[in-house]
Novice: 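Supplied in structure tokens, the structure appears directly below.
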Amino acid sequence: MVKVNRTYPAPASLAIEAAKGTNGSYNEADVIDQLKKDFADKCYICELQGLQDGVVEHLIPHHGGKHMDLLFAWENLFWSCTHCNNLKNRAEYEGNIIDCCQEDPEKHINCVYTNTDTVEIHVRDAQKSSRMTAKLVGEAFNLVNTGIRENATTIRKNALRTEMWIFFKLLNQYRQNKNKLNLRLVNSRLRTKTAFAAFKRDYIRMHSNEYPELQEFLLEKI
Ligand SMILES: [Zn+2]
């Protein structure tokens with residue numbers, strides 16, 4: 001999970017639809033377009049990009065008729081994949097997930113792709129929201145308690161493996177020849193708008209001794 005820059009004004013349909021109460025829709029085309037753009041067409045939880053099953057996710061959920069005032073609130077709408085939207089639909093996550101449009105999740109959780117091809121999400125502090133967000137992101141890659149989830153986690157891990165392979169290849173190329181072009185290629189993969197950015201950025205953070213000159217690219221202003 002990385003920081004997302006939510007743009008304003010909010011999509012115009014939200015105010016119109018909110019006036020219709022529970023008959024209104026928070027799925028109008030302008031909402032989808034703006035969410036896709038702001039979130040770089042990535043699920044904010046697993047960071048899979050180019051979603052075929054993107055959904056409007058309510059950070060503060062509205063099931064059971066709760067928080068109906070937040071149903072059309074632009075600040076409460078997030079772009080997510082169906083798999084993560086489904087995983088998050090549990091009471092323990094309610095109100096406990098980091099708002100990546102307000103806070104920088106990279107300051108709270110650490111996303112690790114290990115050399116044994118596994119995904120580990122660690123916390124950087126003792127906050128409950130850090131712990132629950134790390135748990136949720138970890139489940140997106142590792143929870144295989146149903147056939148559907150086994151399939152969804154495999155798809156995400158395969159996509160993550162491919163992205164990390166390309167990243168490591170560019171990094172290796174840069175190590176062998178630290179010219180401007182190779183630096184630019186590495187940097188382009190470290191941007192928060194790229195797929196699985198948190199994993200690549202944390203790799204560079206964790207290898208700061210090897211790449212002291214790349215640390216500044218993690219301070220991207222978004
Ligand atoms: Zn997802």
Novice: Should His122 and Glu120 be marked as a side-chain hydrogen bond (donor to acceptor under 3.5 Å, both in side chains) after you check the CA-CA gap, both sets of side-chain angles, and the distance that decides it?
Specialist: CA-CA 6 Å; His122 304 286; Glu120 292 173 13; 3.1 Å; yes
Novice: Find out whether the Lys NZ or Arg CZ of Arg201 is both under 6.0 angstrom from the six-membered ring centre of Phe196 and within 45° of the ring's axis.
Specialist: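 No, cation not above the ring by the 6.0 Å, 45° rule.
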Novice: Is there side-chain contact between Pro105 and Val2, with at least one heavy-atom pair below 4.5 Å?
Specialist: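 Sidechains of Val2 and Pro105: no contact.
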Novice: Can we say Glu106 and Arg124 salt-bridge, meaning some charged N sits less than 4.0 Å from an Asp/Glu carboxylate O?
Specialist: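 No, this pair does not count.
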Novice: Answer yes if the side chains of Gln49 and Asp41 hold a donor-acceptor pair under 3.5 Å, and no otherwise.
Specialist: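 No, no side-chain donor-acceptor contact under 3.5 Å.
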Novice: Which heavy atom of Asp53 sits nearest a heavy atom of Thr82, and at what distance?
Specialist: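 Reported closest heavy-atom pair: O-OG1, 2.8 Å.
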Novice: Check the pair Phe199 / Val112 against side-chain contact (heavy atoms from CB on, under 4.5 Å), numbers first and verdict last.
Specialist: CA-CA 6 Å; Phe199 292 90; Val112 185; 5.9 Å; no
Novice: When you look at Thr7 and Gln34, which way does the side-chain hydrogen bond (donor to acceptor under 3.5 Å, both in side chains) test go after all the steps?
Specialist: CA-CA 8 Å; Thr7 58; Gln34 200 162 330; 3.3 Å; yes
Novice: List the atom of Met132, the atom of Asn96, and the distance in Å for their closest heavy-atom pair.
Specialist: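 So the two residues come closest at CB-O, 3.6 Å.
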Novice: Please report the closest heavy-atom contact between Gln215 and Ser208, naming both atoms and the distance.
Specialist: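 Looking at all heavy atoms of both residues, the closest pair is NE2-CA, 3.3 Å.
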Novice: What distance separates Asp202 CG from Cys111 SG, expressed to the nearest 0.5 Å?
Specialist: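 Taking CG in Asp202 and SG in Cys111, the distance rounds to 6.0 Å.
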Novice: Taking all non-hydrogen atoms of both residues, which atom of Asn179 and which atom of Asn182 are closest, and how far apart?
Specialist: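 The pair with the smallest heavy-atom distance is OD1-N, 2.8 Å.
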Novice: Do Asp30 and Ser13 have side-chain N/O donor and acceptor atoms under 3.5 Å apart?
Specialist: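 The criterion, which ignores hydrogens and geometry beyond distance, is satisfied for Ser13 and Asp30.
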Novice: In terms of relative ring orientation, are Phe78 and Tyr44 parallel, tilted or perpendicular, with 30° and 60° separating the classes?
Specialist: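 Rings of Phe78 and Tyr44: tilted, as their planes differ by 30° to 60°.
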Novice: Can you name the closest pair of heavy atoms from Glu57 and Asn85 and give their distance?
Specialist: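 Residues Glu57 and Asn85, closest heavy atoms: CG-ND2, 3.0 Å.
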Novice: So do Arg175 and Glu210 actually touch side chain to side chain, heavy atoms under 4.5 Å?
Specialist: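 They are in contact (side-chain heavy atoms under 4.5 Å apart), so the answer is yes.
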Novice: Should Ile60 and Trp74 be counted in the same cluster of Ile, Leu, Val, Met, Phe, Trp and Tyr side chains packed under 4.5 Å apart?
Specialist: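 Different clusters: Ile60 never reaches Trp74 through Ile, Leu, Val, Met, Phe, Trp or Tyr contacts under 4.5 Å.
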Novice: Applying salt bridge (Lys or Arg N to Asp or Glu O under 4.0 Å), which residue pairs with at least one partner in residues 137-150 are found, sequence neighbours left out?
Specialist: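 For residues 137-150: Arg90-Glu139.
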Novice: For residues Phe39 and Arg6, determine if any side-chain heavy atom of one lies less than 4.5 Å from a side-chain heavy atom of the other.
Specialist: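 Answer yes - side chains close enough.
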Novice: Could you tell me if the side chain of Lys88 sits less than 4.5 Å from the side chain of Ile45, heavy atoms only?
Specialist: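 Side chain of Ile45 against side chain of Lys88, heavy atoms only: contact under 4.5 Å found.
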Novice: Is Val123 reachable from Ile97 through a run of I, L, V, M, F, W or Y residues, each pair having side-chain heavy atoms under 4.5 Å apart?
Specialist: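 No, Ile97 and Val123 fall in different hydrophobic clusters.
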Novice: Side chains of Asn142 and Thr153, heavy atoms from C-beta outward: is any pair under 4.5 Å?
Specialist: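 Side chain of Asn142 against side chain of Thr153, heavy atoms only: no contact under 4.5 Å found.
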Novice: Within a reach of under 6.0 Å around NZ of Lys169, are more than 12 heavy atoms found that belong to other residues, nucleotides or ligands?
Specialist: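 For Lys169, atom NZ is not crowded (no more than 12 foreign heavy atoms under 6.0 Å).
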Novice: Measure the spacing between OG of Ser130 and CG of Asn110 and express it to the nearest 0.5 Å.
Specialist: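 Atom-to-atom, Ser130:OG and Asn110:CG are 11.5 Å apart.
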Novice: Please indicate whether Lys157 has more than 12 foreign heavy atoms, meaning atoms of other residues, nucleotides or ligands, lying under 6.0 Å from its NZ.
Specialist: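 For Lys157, atom NZ is crowded (more than 12 foreign heavy atoms under 6.0 Å).
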Novice: List in chain and number order the residues that pass side chain to side chain donor-acceptor pair (under 3.5 Å) with Asn187, two or more places apart in sequence or in another chain; answer none if no residue qualifies.
Specialist: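 Here no residue qualifies.
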Novice: Output the distance between atom CE (Met1) and atom CD1 (Ile121), rounded to the nearest 0.5 Å.
Specialist: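 CD1 of Ile121 is found 10.0 Å from CE of Met1.
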Novice: Give, for atom CG of Asn86 and atom SG of Cys84, the distance between the pair rounded to the nearest 0.5 Å.
Specialist: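 The distance works out to 9.5 Å.
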Novice: According to side chain to side chain donor-acceptor pair (under 3.5 Å), who are the partners of Glu163, at least two apart in sequence or on a separate chain?
Specialist: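 For Glu163, the residues satisfying side chain to side chain donor-acceptor pair (under 3.5 Å) (neighbours in sequence not counted) are Arg189, Lys200.
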Novice: Below 4.5 Å, heavy atoms only, C-beta onward: do Gln127 and His108 meet side chain to side chain?
Specialist: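 Yes, at least one pair of side-chain atoms sits under 4.5 Å.
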Novice: If you round to the nearest 0.5 Å, how far is CZ of Arg191 from CG of Leu218?
Specialist: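 Nearest 0.5 Å value for the CG-CZ distance: 12.0 Å.
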Novice: Evaluate whether atom CD1 of Ile166 has more than 12 neighbouring non-hydrogen atoms of other residues, nucleotides or ligands under 6.0 angstrom away.
Specialist: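 Yes.
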Novice: Quick check on Glu213: does its CD atom have over 12 non-hydrogen neighbours (other residues, nucleotides or ligands) under 6.0 Å away?
Specialist: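 Yes.
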Novice: Would a 4.5 Å heavy-atom cut-off, applied to side chains only, mark Leu214 and Leu171 as touching?
Specialist: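 They are in contact (side-chain heavy atoms under 4.5 Å apart), so the answer is yes.
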Novice: Does a side-chain heavy-atom distance below 4.5 Å link Leu77 with Phe72?
Specialist: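 Contact flag for Leu77/Phe72 side chains = no.
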Novice: Under the side chain to side chain donor-acceptor pair (under 3.5 Å) test, which residues partner Gln176, sequence neighbours left out?
Specialist: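 Side chain to side chain donor-acceptor pair (under 3.5 Å) list for Gln176, sorted by chain: empty.
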Novice: Would you say Leu70 and Val56 are hydrophobically clustered, going by side-chain heavy atoms of ILVMFWY under 4.5 Å?
Specialist: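 Leu70 does not cluster with Val56.
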Novice: Is it true that the side chains of Tyr113 and Asp117 contain a donor and an acceptor less than 3.5 Å apart?
Specialist: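 Indeed, the side chains of Tyr113 and Asp117 share at least one donor-acceptor pair under 3.5 Å.
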Novice: Give the cluster check for Leu190 versus Leu181: same hydrophobic cluster or not, with ILVMFWY residues linked at side-chain heavy-atom distances below 4.5 Å.
Specialist: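 In one cluster with Leu190: Leu181, yes.
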Novice: Distance-only criterion, 3.5 Å: show the donor-acceptor pairs between side-chain atoms of residues 19-27 and protein atoms not counting sequence neighbours.
Specialist:
| unit_1 | atom_1 | unit_2 | atom_2 | d |
| --- | --- | --- | --- | --- |
| Lys20 | NZ | Glu17 | OE2 | 3.0 |
| Ser25 | OG | Asn27 | N | 3.0 |
| Ser25 | OG | Glu28 | OE2 | 3.2 |

Novice: Out of Val55, Asp38, Ile32, which one pairs with Trp79 under the side chain to side chain contact (heavy atoms under 4.5 Å, CB included) rule?
Specialist: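 Filter result, single survivor: Ile32.
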Novice: May I ask whether Tyr93 and Leu59 are part of the same hydrophobic cluster, defined by side-chain heavy atoms of I, L, V, M, F, W, Y residues being less than 4.5 angstrom apart, directly or through others?
Specialist: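 Same cluster.
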Novice: Hey, could you give me each pair passing ring pair (Phe, Tyr, Trp, His ring centres under 6.0 Å) that has a residue in residues 149-187? Not counting sequence neighbours.
Specialist: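 Residue pairs passing ring pair (Phe, Tyr, Trp, His ring centres under 6.0 Å), neighbours aside: Phe168-Tyr203.
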Novice: Salt bridge (charged side-chain N to carboxylate O under 4.0 Å, His left out) between Lys3 and Asp99: does it pass, once the steps are laid out?
Specialist: CA-CA 9 Å; Lys3 182 89 164 51; Asp99 181 341; over 6 Å; no
Novice: side-chain hydrogen bond (donor to acceptor under 3.5 Å, both in side chains) between Asn76 and His58: does it pass, once the steps are laid out?
Specialist: CA-CA 5 Å; Asn76 194 36; His58 289 87; 5.0 Å; no
Novice: Kindly give the heavy-atom pair with the smallest separation between Cys46 and Arg156, and that separation in Å.
Specialist: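 Heavy-atom minimum between the residues: SG-NE, 3.5 Å.
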Novice: Can you tell me how far apart NZ (Lys135) and CD1 (Ile109) are? Round to the nearest 0.5 Å.
Specialist: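 It comes to 14.5 Å.
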Novice: Have Ser129 and Thr133 got a donor and an acceptor in their side chains that come within less than 3.5 Å?
Specialist: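 Judged by distance alone, the side chains do not pair up.
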